[in-house]
A.B. asks: 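Structure incoming, see below.
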Amino acid sequence: MTTEIEQRSARFNVLEIVKQFPETAQTLLVDQYLTSTEAASARVFRVYKGTPPHYHVGCDEYLFVLSGRGTFWMEDASTQAEFGPGQLLYFKKGTVHALPDILEEPVVFLSVDTPRREPTDIVFVNSEDGTPATFMARNASA
């Protein structure tokens, strides 16, 4: 269970947080929660490897592309398209999605999840593709 980050307001230097992410990772991504309440969570994360098809049971997700380029699909592979900085990707809970290709690094997203996304809320379509532990690591230095 994610700990509530109790605050009524805050300012975050997202670009400074991103600089603290490691150059490589054993997991598919590394993230840093900015806010986490029952209603919503906000996080910034870097993707290190293509992510196989998966979905989230508990939240809708808004992904704003801060840097990098790649391909992303939602619902099925026929929707695959390139993404880049400034784009917003949105999908409802239960929507299968994937990021098959990283075309330019670093791929960094600002994510808003409604309601809060628990770090363990990931279901791979093919269970052999991973687990919550192999999917995401917390950024300890931010």
A.B. asks: Would you kindly confirm whether Leu110 and Leu15 end up in one hydrophobic cluster when ILVMFWY residues are joined by side chain heavy atoms under 4.5 Å apart?
C.D. replies: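 Not linked; separate clusters.
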
A.B. asks: Please report the interatomic distance OH(Tyr48) to CG(Leu29), rounded to the nearest 0.5 Å.
C.D. replies: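 If I round to the nearest 0.5 Å, the distance is 8.5 Å.
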
A.B. asks: What closest approach, in Å, do Arg69 and Pro85 show between heavy atoms, and which atom pair accounts for it?
C.D. replies: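 Result for this residue pair: CG-CD, 4.3 Å.
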
A.B. asks: To which residues is Trp73 joined in a hydrophobic cluster, defined by side-chain heavy-atom contacts under 4.5 Å among Ile, Leu, Val, Met, Phe, Trp and Tyr, whether direct or through other members?
C.D. replies: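 Tyr55, Val57, Val96, Val123, Val125, listed by chain and number.
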
A.B. asks: Check Asp31 with Arg46, please: is the shortest side-chain N to carboxylate O separation under 4.0 Å?
C.D. replies: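 No, Arg46 and Asp31 are not salt-bridged.
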
A.B. asks: Phe83 and side chain to side chain contact (heavy atoms under 4.5 Å, CB included): which single residue from Val107, Leu63, Thr71 fits?
C.D. replies: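 Going through Val107, Leu63, Thr71 one by one, the side chain to side chain contact (heavy atoms under 4.5 Å, CB included) with Phe83 is satisfied by Val107 alone.
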
A.B. asks: If you look at every heavy atom in Leu28 and Gly50, which pair is closest and at what distance?
C.D. replies: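 The answer is CD2-O, 3.6 Å.
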
A.B. asks: Given 3.5 Å as the limit, does a donor-acceptor pair link the side chain of Asp113 with the main chain of Pro115, or not?
C.D. replies: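 No, the answer is negative, given that no donor and acceptor are paired below the 3.5 Å cut-off.
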
A.B. asks: With sequence neighbours left out, write down each residue that passes ring pair (Phe, Tyr, Trp, His ring centres under 6.0 Å) with Tyr62, or none if nothing qualifies.
C.D. replies: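 For Tyr62, the residues satisfying ring pair (Phe, Tyr, Trp, His ring centres under 6.0 Å) (neighbours in sequence not counted) are Tyr90.
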
A.B. asks: Donor-acceptor check, side chain of Thr95 to backbone of Glu75, threshold 3.5 angstrom: yes or no?
C.D. replies: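 Flag not set: sc Thr95 to bb Glu75 has no pair under 3.5 Å.
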
A.B. asks: Could you tell me how the ring of Phe124 sits relative to the ring of Phe135: parallel (under 30°), tilted (30 to 60°) or perpendicular (over 60°)?
C.D. replies: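 Rings of Phe124 and Phe135: perpendicular, over 60°.
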
A.B. asks: Please step through side-chain contact (heavy atoms from CB on, under 4.5 Å) for the pair His56 and His97, ending with a clear verdict.
C.D. replies: CA-CA 9 Å; His56 309 290; His97 55 283; 3.4 Å; yes

A.B. asks: Under 4.0 Å between a Lys/Arg side-chain N and an Asp/Glu carboxylate O for Glu61 and Arg43?
C.D. replies: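 Salt bridge: yes.
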
A.B. asks: In this structure, would Leu103 and Leu99 fall into the same cluster of hydrophobic residues linked by side-chain contacts under 4.5 Å?
C.D. replies: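 No; tracing contacts between hydrophobic side chains, which count when under 4.5 Å, never links both residues.
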
A.B. asks: Got a second to check how far Gln87's CD is from Phe72's CZ, nearest 0.5 Å?
C.D. replies: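 That separation rounds to 11.0 Å.
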
A.B. asks: Testing the basics here: between His54 and Ile122, what is the closest heavy-atom pair and its distance to 0.1 Å?
C.D. replies: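 Distance-wise, the nearest heavy atoms are CD2-CD1, 3.5 Å.
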
A.B. asks: So, the side chain of Lys49 versus the backbone of Gln26: is there a donor-acceptor pair under 3.5 Å, distance only?
C.D. replies: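 Answer holds: yes.
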
A.B. asks: Is it the case that the side chain of Asp76 and the backbone of Ser78 share a donor-acceptor pair, with hydrogens and angles ignored and the cut-off at 3.5 Å?
C.D. replies: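 Yes.
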
A.B. asks: Check the pair Thr27 / Thr134 against side-chain contact (heavy atoms from CB on, under 4.5 Å), numbers first and verdict last.
C.D. replies: CA-CA 5 Å; Thr27 53; Thr134 63; 5.5 Å; no

A.B. asks: So which atom in Ala40 and which in Thr114 form the shortest heavy-atom distance, rounded to 0.1 Å?
C.D. replies: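 The pair with the smallest heavy-atom distance is CB-CG2, 3.9 Å.
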
A.B. asks: Closest approach of Leu89 and Phe109, non-hydrogen atoms and distance?
C.D. replies: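 It is CD1-CE2, 4.0 Å.
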
A.B. asks: Could you go through Val44 and Tyr33, starting from their C-alpha distance and side-chain angles, then the distance that decides it, and tell me whether this counts as side-chain contact (heavy atoms from CB on, under 4.5 Å)?
C.D. replies: CA-CA 7 Å; Val44 60; Tyr33 273 78; over 6 Å; no

A.B. asks: Compare all side-chain heavy atoms of Cys59 with those of Arg116 and state whether any distance is below 4.5 angstrom.
C.D. replies: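 No, too far: nothing below the 4.5 Å cut-off.
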
A.B. asks: Heavy atoms only: give me the nearest Lys93-Asp60 pair and the separation to one decimal.
C.D. replies: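 Nearest heavy atoms, Lys93 then Asp60: N-OD1, 2.8 Å.
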
A.B. asks: Hey, are the side chains of Val108 and Val14 touching, using non-hydrogen atoms and a 4.5 Å cut-off?
C.D. replies: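 No - every pair of side-chain heavy atoms lies 4.5 Å or more apart.
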
